[in-house]
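Heads up: the structure comes next, in structure tokens.
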Amino acid sequence: MANFNFNKVILGGRISSDVELKQTLGGVSVCSFSLAVNRRPARDGTAQADFFNVTAWRQTAEFVTRYFRKASSICVVGSVQSRSWTDKNGVKQFATEI
């Protein structure tokens, strides 16, 4: 029996924060931004959105930083990754990113 692992996400929405290009200590380009994805309107007609943290690396990070700004529409294809760490106060923190 084959072992298939699927972890692919396709999201379309608007960038909800300014995109800033950074470099790791090793010189690798990286950018992070928040993506607002609209939900189906509630029964009373109010708009709702989910917000996803997105991280782009290398040439993709450079491309996003060059051509996209806050409120730009964008389609993101990636994978979901979760990580955890203990902060300086000893509290365990969790993050899920695309």
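Any value given below was found using the heavy atoms of this structure, including those in side chains, with hydrogens, waters and symmetry copies removed.
Criterion: ILVMFWY side-chain heavy atoms under 4.5 Å apart, direct or through other members. Under it, Phe68 and Trp57 are not part of a common hydrophobic cluster. In this structure, Phe51 is not a member of the same hydrophobic cluster as Val54, with clusters built from ILVMFWY side-chain heavy atoms closer than 4.5 Å. Put simply, Val30 and Ile74 are part of two different groups of oily side chains (I, L, V, M, F, W, Y) that touch within less than 4.5 Å, one to the next.
One N or O on the side chain of Asp44 and one on the backbone of Thr46 form a donor-acceptor pair closer than 3.5 Å. Judged by distance alone, the side chain of Asn53 and the main-chain N or O of Glu97 form no donor-acceptor pair under 3.5 Å. The backbone N or O of Arg69 sits less than 3.5 Å from a side-chain atom of Ser72, completing a donor-acceptor pair.
One distance of note links CG of Leu11 with CG of Leu35; it measures 6.0 Å at 0.5 Å rounding. Atom OG in Ser16 sits 7.5 Å away from atom NZ in Lys70 (nearest 0.5 Å). One finds the CZ atom of Phe33 at 5.0 Å from the CD1 atom of Ile15 (value rounded to the nearest 0.5 Å). Once rounded to the nearest 0.5 Å, the distance linking CZ of Phe52 with CD1 of Ile98 reads 6.5 Å. We find the CZ-CG distance between Arg66 and Leu21 to be 9.0 Å, quoted to the nearest 0.5 Å.
In terms of heavy atoms, Arg58 sits closest to Val28 at CG-CG1, 3.7 Å. Closest of all the heavy-atom pairs between Trp85 and Phe94 is CZ3-C, 4.0 Å. The two atoms that bring Glu20 and Cys31 nearest to each other are O-CB, 3.5 Å, heavy atoms only.
In this structure the side chain of Val9 never reaches within 4.5 angstrom of the side chain of Val76, judged on heavy atoms.
Few gaps surround CD on Gln93; more than 12 heavy atoms of other groups in view lie less than 6.0 Å from it.
Residues Ser17 and Ser34 have side chains that never bring a donor and an acceptor to within less than 3.5 angstrom of each other. In this structure, a donor-acceptor pair under 3.5 Å is present between the side chains of Gln23 and Ser29.
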